Amino acid sequence: MTESPWLLVLGANSDMAIATAKRYAQAGYNLYLASRNLEECQKNATDIGLRYQVETQALKFDAQDFESHAEFYAGLVVKPQGVVLAFGFMADQQAAQKEFALAKAMIDTNYAGAVSILEIIASDFEQRHSGFIVGISSVAGDRGRMSNYIYGSTKAAFSAYLAGLRHRLIKSNVTVLTVKPGFVATKMTADLDLPAKLTAQPEQVANAIFKAVENKKSTIYVKPIWRLIMLIIVHLPNFVFHKTKM
Ligand SMILES: NC(=O)c1ccc[n+]([C@@H]2O[C@H](COP(=O)([O-])OP(=O)(O)OC[C@H]3O[C@@H](n4cnc5c(N)ncnc54)[C@H](OP(=O)(O)O)[C@@H]3O)[C@@H](O)[C@H]2O)c1
């Protein structure tokens, strides 16, 4: 009898991460749920474990604590078959323009933290000649815009990183998926007034991720309309773009 595979979820308290963890549990995966708030991880691990009858383990993980990452991964007794990187931090753009600490927290979490842990995981998957890596990036990285270019630039860097990682790992039978969710109704966006038609639910993101990994896709926009919207935004000439306030 083959053992059930494990999925490692980083930033596991994110609403999208919880929905994705449930989707994988439904498919029989055991789960490592890792994030800063261990108590919350433990609660979700117990709940999902009971509901889906899979093994779960809650772990402390801080994306900004780079030095801890090698030891964190070495500590996983059974190495995972896949990883979903969901952690992210979005500070208010105006506040981050004034306070570099906020900009740095976004850079350190969304980009540096992601590179730090994924390089460790990628080397393991490369050696094992199997695995999948899912990175939750953002359409905000497709073009820098005045309303959120600091957060957006961290996601642009993350998307470029994932593209390069995919290129490196393709010959090792490891797939890398970049997820651009568009707007999603989560605690990160709870204070924003999002248009319903453009906003996905965490469960839609989870289903889209599961299907895209199965189909070995490279990049997905969760709601297809976002691919068109971003195509237009990316190609707007500056003389038009600079008149907008987006
Ligand atoms: N919501 C959207 O509209 C949207 C759109 C595009 C992309 N995204 C991206 O999607 C991902 C998931 O976002 P979400 O909307 O589900 O957000 P969320 O519910 O606010 O969750 C974000 C999670 O990131 C974790 N996190 C933050 N800093 C961390 C750190 N230093 N180390 C470890 N974990 C950390 C937090 O964990 P703790 O609870 O443990 O502190 C939090 O639970 C993020 O990367 C976000 O940038 C979101």
Side-chain angles (χ1 to χ4, degrees), residues 8-23 32-45 58-69 72-73 83-93 96 101-102 104-118 133-142 145 147-148 150-159 161-162 177-206 208-209 219-223 225-227 229-230:
L8 169 62
V9 186
L10 298 166
N13 296 324
S14 126
D15 294 333
M16 281 186 236
I18 296 167
T20 308
K22 287 180 178 166
R23 182 64 190 85
Y32 292 117
L33 300 183
S35 207
R36 289 179 304 191
N37 183 339
L38 186 58
E39 210 177 305
E40 192 64 22
C41 278
Q42 189 59 67
K43 222 173 71 192
N44 289 322
L59 300 160
K60 177 107 184 153
F61 174 82
D62 186 340
Q64 292 195 46
D65 186 6
F66 313 128
E67 280 70 34
S68 69
H69 291 177
F72 166 82
Y73 192 70
V83 58
V84 175
L85 190 155
F87 59 73
F89 174 57
M90 182 175 71
D92 176 72
Q93 168 68 28
L102 286 174
K104 186 171 183 300
M106 288 192 273
I107 297 164
D108 283 353
T109 305
N110 302 346
Y111 183 57
V115 173
S116 170
I117 186 65
L118 286 186
I133 294 171
V134 178
I136 305 190
S137 190
S138 175
V139 298
D142 286 3
R145 291 175 287 115
S147 62
N148 70 347
I150 301 181
Y151 170 79
S153 65
T154 66
K155 291 298 194 180
F158 184 43
S159 293
Y161 169 78
L162 290 170
L177 172 68
T178 305
V179 182
K180 297 183 181 180
F183 298 141
V184 186
T186 67
K187 59 181 183 288
M188 183 181 272
T189 54
D191 297 338
L192 307 177
D193 189 17
L194 302 177
K197 282 214 167 72
L198 300 181
T199 306
Q201 296 304 313
E203 293 70 27
Q204 284 177 286
V205 180
I209 288 175
T219 300
I220 54 163
Y221 289 78
V222 172
K223 276 189 167 261
I225 184 75
W226 276 103
R227 190 180 286 277
I229 293 171
M230 294 319 296

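Only a predicted model underlies this, so the values are computations on that prediction, with no experimental measurement involved. One-based numbering, in listed order, for ligands and for the atoms of each.
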[X] side chain vs [Y] backbone, donor-acceptor pair below 3.5 Å:
X: W226; Y: L198; answer: yes
X: N110; Y: F89; answer: yes
X: S116; Y: A112; answer: no
X: N44; Y: L33; answer: no
X: K180; Y: I220; answer: no
X: S153; Y: I150; answer: yes
X: E203; Y: A19; answer: no
X: T154; Y: Y111; answer: no

Residue portion contacting ligand 1 (non-hydrogen atoms closer than 4.0 Å) for M90: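 None of M90 does.
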
Quick one: nearest non-hydrogen protein atom to [atom], plus distance?
atom: atom 39 (O) of ligand 1; value: N13 CB, 3.4 Å
atom: atom 16 (O) of ligand 1; value: S14 OG, 2.8 Å
atom: atom 4 (C) of ligand 1; value: M16 CE, 3.7 Å
atom: atom 1 (N) of ligand 1; value: T186 OG1, 3.1 Å
atom: atom 31 (N) of ligand 1; value: D62 OD1, 3.0 Å

Crowding at NZ, K187 (>12 non-hydrogen neighbours, <6.0 Å):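 Yes, NZ of K187 has more than 12 neighbouring heavy atoms, counting only those of other groups under 6.0 Å.
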
Ring geometry between F72 and F61 (parallel below 30°, tilted from 30 to 60°, perpendicular above 60°):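 Tilted, since the angle between the ring planes falls between 30° and 60°.
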
Parallel, tilted or perpendicular: ring planes of H69 versus F66, cut at 30 and 60 degrees: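 Taking F66 first and then H69, their aromatic rings stand perpendicular (interplane angle over 60°).
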
Can you name the atoms of ligand 1, numbered from 1 with element, that are less than 4.0 Å from a heavy atom of [X]?
X: P181; answer: 6 (C), 7 (C)
X: F61; answer: 32 (N), 33 (C)
X: Y151; answer: 7 (C), 8 (N), 9 (C), 46 (C), 47 (O)
X: S138; answer: 6 (C), 7 (C)
X: D15; answer: 16 (O), 19 (O)

Nearest heavy atom to [atom]: which of [options] does it belong to?
atom: atom 11 (C) of ligand 1; options: G182, A185, A86; answer: A86
atom: atom 10 (O) of ligand 1; options: I136, L194, L38; answer: I136
atom: atom 35 (C) of ligand 1; options: F158, W226, F87; answer: F87
atom: atom 37 (O) of ligand 1; options: A114, A19, S35; answer: S35
atom: atom 7 (C) of ligand 1; options: G88, S137, G141; answer: S137

Within less than 4.0 angstrom of ligand 1, does [X] place any heavy atom?
X: K187; result: yes
X: F183; result: yes
X: K155; result: yes

Can you find an N/O atom of [X] closer than 3.5 Å to an N/O atom of ligand 1?
X: V184; result: yes
X: A63; result: yes
X: N37; result: yes

Side-chain touch L192/F183, heavy atoms, less than 4.5 angstrom: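 No, every pair of side-chain atoms sits at 4.5 Å or beyond.
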
Gap between atom CG of D15 and atom OG1 of T20 - 0.5 Å precision: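 One finds 10.5 Å between OG1 of T20 and CG of D15.
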
